[in-house]
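Input: a single structure, listed below in structure tokens.
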2 protein chains.
Amino acid sequence: MNDEIFTKHSLKRTHSRIEILSVLEKSQSPLTAEEIFKLLRKRDVDLSTIYRTLNSFVDANIIKKEINNNKENIFSIIKEEDKHILVCTKCHKRVEIAGCPYHEANEKIEQETGFLINDHTTEIYGICPDCQKIKL
Amino acid sequence: MNDEIFTKHSLKRTHSRIEILSVLEKSQSPLTAEEIFKLLRKRDVDLSTIYRTLNSFVDANIIKKEINNNKENIFSIIKEEDKHILVCTKCHKRVEIAGCPYHEANEKIEQETGFLINDHTTEIYGICPDCQKIKL
DNA sequence: ATGCAAATGCAAATCGTTTGCATTTATATA
DNA sequence: TATATAAATGCAAACGATTTGCATTTGCAT
């Protein structure tokens, strides 16, 4: 299954990592480390391994860590639709960024306001590092 | 000074709270509880009080709690420019929301990409709770 | 000025997370 | 396919940020 994701970040394709990633992929909402632990069928993965794995995944930009309304640390897969575009207003270069937290942010807003959010801007305007170097 | 903010949330206007709020307001960037503790001039406020106060402020929607790149919990004032508008695509009602995390999110993006962000959409489109109740 | 609930300081407890170490496992190479 | 080696894991112990209990103090309404 999800083979590349491991090799891509030079992470070994181990039982624990496959299971943890699978749990996160199947989940509709972000999970705490403890929840992942409980969801792992036989609980055959040690909690410390879960924490180590989650940290690896965060560092590899595969998942992101946030705080929920209950002040717990939660983890969730960075999905394709979470990716946004940075547009340089000078050279018009377009750069894709991963792990943009807007999606999460919007979920929070939905929870807090009862709104059903359909859309939001996915382009962010600014000046890229290259153009910042050019004097005017 | 900032009198209403306390009465508004029925929080007593105490020395600790005034000091902590002041530190957060003066700070250009989000702070950890420990940093706030160290910034308090005479460190005359107990760490436990700082934590209790920060929790009160978060609950009262005066500040927000997030995770920085170093995986520490950080707190920052919810500023006016952090507020965004929810626009209902059915009834065109406009609702202001406080504590929208886009601003923080953008700061993170700036750090990670080197981009200087100038602008982003402040209107979010969806369906408000009232319109969700109306059958079509 | 008085009373009372809320807030505080202090010390101790809690609990989510990390770490050390011996053992196991995945992957590269012969 | 067998072998070597670094990486990953489980377990138990440690850690440290945050919370809590309790006696005392403080803010605020009356």
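Keep in mind that the numbers below use all heavy atoms, side chains included, and drop hydrogens, waters and symmetry copies. Each chain gets a letter, A, B and so on, in the order the sequences are listed, and its residues count up from 1. Small disclaimer: the values here were computed from a predicted structure and weren't measured.
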Q | Check: B:Asn70 side chain, B:Glu72 main-chain N or O, donor-acceptor pair, under 3.5 Å | A | no
Q.
Distance check needed: D:dA17 P versus B:Leu54 CG, whole Å only.
A. 15 Å
(Q) Any side-chain N or O of A:Asn73 below 4.0 angstrom from OP1/OP2 of C:dT17? (A) yes
**Q.** Separation of C:dT27 C1' from A:Leu11 CG (nearest whole Å)
**A.** 13 Å
Q: Mind calculating the distance between CG (B:Asp46) and C1' (C:dA7) to the nearest angstrom?
A: 12 Å
Q: Please determine, for D:dC15, whether a Watson-Crick or G-U wobble partner exists with both distances under 3.5 Å, and give it or none.
A: C:dG16
(Q) Could you check whether any side-chain N or O of A:Thr7 sits under 3.5 Å from a backbone N or O of A:Glu4, counting only pairs where one atom can act as donor and the other as acceptor? (A) yes
**Q.** Closest-nucleotide 5' rank along DNA chain C - winner of B:Val45 and B:Lys12
**A.** B:Lys12
Q: Please check the phosphate of C:dG9 (OP1 and OP2 only) for any side-chain N or O of B:Thr49 closer than 4.0 Å.
A: yes
Q) Between C:dA26 atom P and A:His9 atom NE2, what is the distance in whole Å? A) 20 Å
Q.
Does this structure show an ion pair linking B:Asp59 with A:Lys71, if we count only N-O contacts that are shorter than 4.0 Å?
A. yes
Q: Can you tell me the distance, in whole Å, between the NE2 atom of B:His15 and the P atom of D:dT26?
A: 11 Å
Q) Quick one: B:Arg17 CZ to D:dT26 P, roughly how many Å, whole number? A) 15 Å
Q | Separation of C:dT25 P from A:Asp44 CG (nearest whole Å) | A | 12 Å
Q. Quick one: does A:Arg52 reach the base of D:dG10 with a side-chain donor-acceptor pair under 3.5 Å?
A. yes
Q: May I ask you to evaluate whether A:Ser16 reaches the phosphate of D:dT9, defined as a side-chain N or O under 4.0 Å from OP1 or OP2?
A: yes
Q: Looking at every strand, decide which applies to B:Ser48 at a 4.0 Å heavy-atom threshold: base, sugar-phosphate, or nothing.
A: base
Q: Once you apply the 3.5 Å cut-off to both distances, tell me the Watson-Crick or G-U wobble partner of D:dC22, or none.
A: C:dG9
Q. Counting side-chain heavy atoms from C-beta on, which of D:dG10, D:dC28, D:dT18 comes nearest to B:Tyr51?
A. D:dT18
Q: Examine distances only and state if a side-chain atom of A:Ser27 and a backbone atom of A:Pro30 form a donor-acceptor pair shorter than 3.5 Å.
A: no
(Q) Measuring to OP1 and OP2 of C:dT8, would you say a side-chain N or O of B:Thr14 lies under 4.0 angstrom away? (A) yes
Q) Starting at the 5' end of DNA chain C, which residue's closest nucleotide do you reach first, B:Thr53 or B:Lys71? A) B:Thr53
Q | Rounded interatomic separation in angstrom, taking CD1 from A:Ile20 and P from D:dA8 | A | 12 Å
Q) Can a salt bridge be assigned to the pair A:Arg52 and A:Asp46 using a cut-off of 4.0 Å between side-chain N and carboxylate O? A) no
(Q) Looking at D:dT19, I'd like to know if its phosphate oxygens (OP1 or OP2) sit under 4.0 Å from a side-chain N or O belonging to B:Asn55. (A) yes
